[in-house]
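The structure appears right after this line, and notes come after that.
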Amino acid sequence: MACKHQKEEKEIVSYTEVMISEFNDVERIEPLNWWVGFKNQDLQLLVKSPGISLAHPEINYSGVKIEAVHKGESRNYLFIDLQIDEQTKPGKFNIDFKFENGEEKHQTYELKSRVKPSEDYMGFNSSDAIYLITPDRFSNGDSSNDINKNLLEQTIDRSNDYARHGGDIKGITNHLDYIEDLGFTVIWPCPLPTNDMPESSYHGYAMTNFYEIDPRFGTFEDYLELSEEASEKGIKLIMDQVANHCGAEHWWMKDLPFSNWVNQQKTFENKEHLTNSNHRRTSNQDPYASVKDKQEMSDGWFVPSMPDLNQKNPFMAKYIIQNSIWWIETAGLGGIRQDTYPYSDKDFMSRWAGAIMSEYPNFSIVGEEWSVNPLIIGYWQEGANNRDGYDSNLKSPMDFAMQGQIVNGLNEEEGWDTGLIKIYEGLANDFYYASPKDILIFADNHDMSRISTQVHDNAEKVKMALGYMFLMPRIPQFYYGTEILMNDTEKPGDHGLIRTDFPGGWQGDTINAFTGEGLTTAQIDMQQFVKKMVNYRKHSKAIHEGKTIHFAPEKGVYVLFRVLEDEVVAIILNKSNETSLSTSRFYELGLRGKNIKNIISEEVSVWGDLVAINSNGVTLFSTKIKN
């Protein structure tokens with residue numbers, strides 16, 4: 001992969017039918033390869049090898065030209081700017097590094113042929129439903145890779161919530177049928193690149209190699225197999241990426257190429273006290289924010305074990321953009337989820353997202369901004385009418401605000417300004433968003449308490465939250481295990497417990513949620529609820545694209561409709577003991593006398609003066625009688 005110290009030489013035939021000798025003399029070259037046929041024909045190679053900055057690189061390959069060579073401040077780095085002509089043919093060529101003392105090193109590099117045009121890389125949208133997975137905790141499909149003696153953390157301990165448990169890529173691939181059966185069309189695994197950290201390496205967010213799959217999760221080929229097999233089932237693959245930081249054990253932290261490669265670099269090198277981010281994310285939008293607050297927000301380290309990358313360094317910026325494009329092209333991705341979105345330099349994030357969307361116009365990116373303020377969420381979405389002129393180029397921010405309102409609305413007692421009115425008024429904030437249906441909604445995720453815990457382990461409230469989430473005009477994201485009421489009630493908010501092992505994912509598990517063996521009645525009921533709801537949504541144009549109409553809550557009942565042509569879908573959230581609902585308020589929908597089907601029970605009835613509803617629960621109706 002990225003690092004081969006031994007010298008290799010063998011005869012190869014490139015795509016251009018020219019016989020060359022293949023070399024691997026340098027320690028590292030990234031990106032590992034590139035492609036012909038991009039709209040942007042520029043490529044910057046990071047080359048790391050002892051004393052390489054003293055060399056003069058040369059390339060003799062038709063259509064490839066060295067535009068500029070930049071020496072790192074460390075003598076062990078070169079950055080080579082290449083121009084790839086649009087007529088360049090795919091193939092392998094050698095980069096010759098010539099030193100003044102007569103020494104030479106050679107490195108073979110490959111330009112591949114693209115598998116499909118940029119326009120065919122289709123991202124996720126409001127017709128999709130995303131299944132979020134913490135890979136280490138989902139399923140152990142290959143126990144032979146559980147421990148790697150070349151990495152710092154070398155133990156498996158399922159009794160320790162913060163240790164590695166052995167889940168891997170094969171475990172996801174093996175259970176694609178289960179995910180497909182539930183109705184999900186996208187999978188989002190938490191980061192899979194190498195995290196060679198001494199502890200808590202399981203979560204993936206402290207990467208130590210941006211071009212390598214962590215061997216404890218599997219091989220590079222395992223990742224490609226996951227993408228391919230998912231695609232065959234109509235399931236897209238999102239890659240979780242991190243532009244803001246790396247892990248403290250990243251290979252470049254032992255030999256940084258420039259004096260400003262990471263923020264607070266001098267402090268780090270002098271082993272002085274590092275400043276963490278002040279986490280004042282509103283400084284990105286605040287017209288009154290001080291320079292100091294802005295700097296401490298973006299330049300502070302997220303945590304001491306995660307060095308903060310300096311995207312103002314043009315070589316770092318180029319590195320991150322190229323890395324994202326490399327993974328899209330290599331793995332045929334259907335989306336990127338960008339971690340800690342507002343902590344990076346915001347002008348860089350606009351360029352990063354813009355570079356990707358310019359190359360892949362039908363692609364999708366979701367950015368994490370943990371804010372309960374709709375103004376902040378809306379600021380980050382492409383098309384926002386921002387007073388400061390900022391254009392994020394980001395299609396999908398995350399709707400933490402609405403998530404909070406759903407939970408509050410379900411938990412609070414009903415009153416004039418409490419209870420379901422919080423959900424009703426929360427959705428009314430959609431007037432501010434450039435494109436509400438492209439925002440990502442979720443009931444829970446890997447960083448917050450499970451929805452069951454948030455609603456005090458009330459299964460009917462879980463159904464209400466999920467039903468509303470899947471019917472509102474959004475892209476829904478679902479966290480693995482929520483379908484069987486996984487919770488962290490014993491220690492609310494504990495990340496290790498939130499990311500509990502999925503039962504049945506390990507050999508010897510006495511409970512198997514994949515097959516249903518050993519599940520409680522309540523768990524099976526929730527699993528079936530999710531399956532019916534998500535599979536209905538999968539084929540519902542009204543939910544994907546339809547008009548939204550909702551009615552202010554009355555007497556503990558809130559009703560929302562999605563409408564497109566002759567399909568009307570209704571969700572009724574009922575926090576009362578009533579088992580029937582007067583329909584007189586909803587005359588504008590024109591439903592009187594029409595057949596309706598309960599999406600969960602599949603019972604067919606007529607929309608009359610009264611309709612039967614579940615007490616203290618959720619009811620889902622559709623005018624589409626046949627699926």
Side-chain angles (χ1 to χ4, degrees), residues 402 405-406 409-410 412-428 430-431 436-437 458-474 476 529 532-537 539-627:
M402 197 64 210
Q405 295 292 47
I406 291 171
L410 294 177
E412 292 176 354
E413 293 293 329
E414 289 301 300
W416 172 252
D417 59 354
T418 59
L420 293 172
I421 193 67
K422 292 288 183 66
I423 305 176
Y424 173 80
E425 292 184 346
L427 191 62
D430 278 13
F431 78 89
K437 70 183 180 67
N458 184 317
E460 294 307 311
K461 287 185 178 180
V462 173
K463 289 181 181 179
M464 294 168 81
L466 296 178
Y468 191 79
M469 178 186 88
F470 276 95
L471 258 72
M472 65 188 292
R474 291 293 191 275
F529 175 84
K532 288 189 174 183
M533 176 180 59
V534 180
N535 274 287
Y536 179 86
R537 186 189 192 282
H539 303 289
S540 173
K541 295 292 185 181
I543 298 177
H544 302 167
E545 305 166 7
K547 181 180 180 181
T548 303
I549 304 171
H550 66 162
F551 293 78
E554 284 188 1
K555 300 177 181 179
V557 179
Y558 170 42
V559 184
L560 176 141
F561 296 91
R562 303 298 306 280
V563 183
L564 184 65
E565 298 174 349
D566 60 349
E567 182 189 7
V568 180
V569 185
I571 181 168
I572 302 168
L573 303 183
N574 181 15
K575 289 174 66 180
S576 76
N577 294 322
E578 295 296 325
T579 57
S580 64
L581 176 67
S582 170
T583 64
S584 59
R585 274 208 300 159
F586 316 122
Y587 63 87
E588 65 193 78
L589 275 300
L591 290 174
R592 185 174 179 81
K594 290 187 177 181
N595 288 334
I596 56 173
K597 183 173 77 170
N598 186 304
I599 293 172
I600 305 303
S601 71
E602 301 186 8
E603 294 176 0
V604 177
S605 59
V606 176
W607 186 277
D609 293 335
L610 297 173
V611 293
I613 61 174
N614 294 322
S615 65
N616 294 296
V618 62
T619 308
L620 300 167
F621 286 126
S622 171
T623 57
K624 188 164 66 174
I625 305 303
K626 296 181 179 180
N627 292 335

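FYI, the numbering just counts along the sequence from 1. Values below: every heavy atom of this structure, side chains too, minus hydrogens, waters and symmetry copies.
Side-chain contact between Trp416 and Ile421 is absent, with no heavy atoms from C-beta onward closer than 4.5 Å. Between Ser576 and Val557 there is a side-chain heavy-atom pair separated by less than 4.5 Å. In this structure the side chain of Trp607 never reaches within 4.5 angstrom of the side chain of Leu589, judged on heavy atoms. Inter-residue side-chain proximity for Leu581 and Asn574 is flagged as unmet; no heavy-atom pair is nearer than 4.5 Å. Using a 4.5 Å heavy-atom threshold, the side chains of His550 and Met472 count as separate. You'll find the side chain of Leu620 stays beyond 4.5 Å of the side chain of Arg537, heavy atoms only. Between Phe621 and Leu591, the closest side-chain pair of non-hydrogen atoms is not below 4.5 Å. The shortest side-chain heavy-atom distance between Ile613 and Ser580 does not fall under the 4.5 Å cut-off.
To the nearest 0.5 Å, atom CG of residue Leu560 and atom OH of residue Tyr424 are 10.5 Å apart. Atom OG1 in Thr619 sits 4.0 Å away from atom CG in Asn614 (nearest 0.5 Å). Rounding to the nearest 0.5 Å places CZ of Arg585 at 3.5 Å from CD of Glu554. Rounding to the nearest 0.5 angstrom, the gap separating the OG atom in Ser540 from the CD1 atom in Ile599 is 7.5 Å. The structure places NZ of Lys594 at 11.0 Å from CD1 of Ile625, a figure rounded to the nearest 0.5 Å. Separation of atoms CG (Leu610) and CD (Glu578) is listed at 10.0 Å; rounding is to 0.5 Å.
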Q: Could you give me the CA-CA distance, side-chain angles and deciding distance for Arg592 and Asp609, then say whether salt bridge (Lys or Arg N to Asp or Glu O under 4.0 Å) is met?
A: CA-CA 8 Å; Arg592 185 174 179 81; Asp609 293 335; 2.2 Å; yes
Q. So Glu602 and Lys532, side chain to side chain contact (heavy atoms under 4.5 Å, CB included) or not? Walk me through it.
A. CA-CA 9 Å; Glu602 301 186 8; Lys532 288 189 174 183; 3.8 Å; yes
Q) Is there a side chain to side chain contact (heavy atoms under 4.5 Å, CB included) between Val568 and Ser622 once you walk through the steps? A) CA-CA 6 Å; Val568 180; Ser622 171; over 6 Å; no
(Q) Using side chain to side chain contact (heavy atoms under 4.5 Å, CB included), reason through Asn595 and Val606 one step at a time and then give a plain yes or no. (A) CA-CA 5 Å; Asn595 288 334; Val606 176; 3.5 Å; yes
Atom pairs and distances, donor-acceptor, side-chain atoms in residues 460-470, under 3.5 Å, two or more places apart:
residue	atom	partner	partner atom	Å
Lys461	NZ	Leu410	O	3.0
Lys463	NZ	Asp525	OD2	2.5
Tyr468	OH	Tyr558	OH	2.9

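Taking all atoms of both residues into account, the shortest heavy-atom contact from Ala542 to Val569 is CB-CG2, 4.2 Å. The two atoms that bring Glu414 and Leu420 nearest to each other are OE2-N, 2.9 Å, heavy atoms only.
Screening Arg562, Glu545, His544 for a side chain to side chain contact (heavy atoms under 4.5 Å, CB included) with Pro473, the sole residue that qualifies is Arg562.
With sequence neighbours left out, Phe561 forms a ring-ring contact (aromatic ring centres under 6.0 Å, His included) with Phe551, Phe586. Annotation: side chain to side chain donor-acceptor pair (under 3.5 Å) contacts of Asp417 (sequence neighbours excluded): none.
The pair Glu412-Lys422 counts as a salt bridge, with a side-chain nitrogen and a carboxylate oxygen less than 4.0 angstrom apart.
More than 12 heavy atoms of other residues, nucleotides or ligands shown are found within 6.0 angstrom of CD on Glu588.
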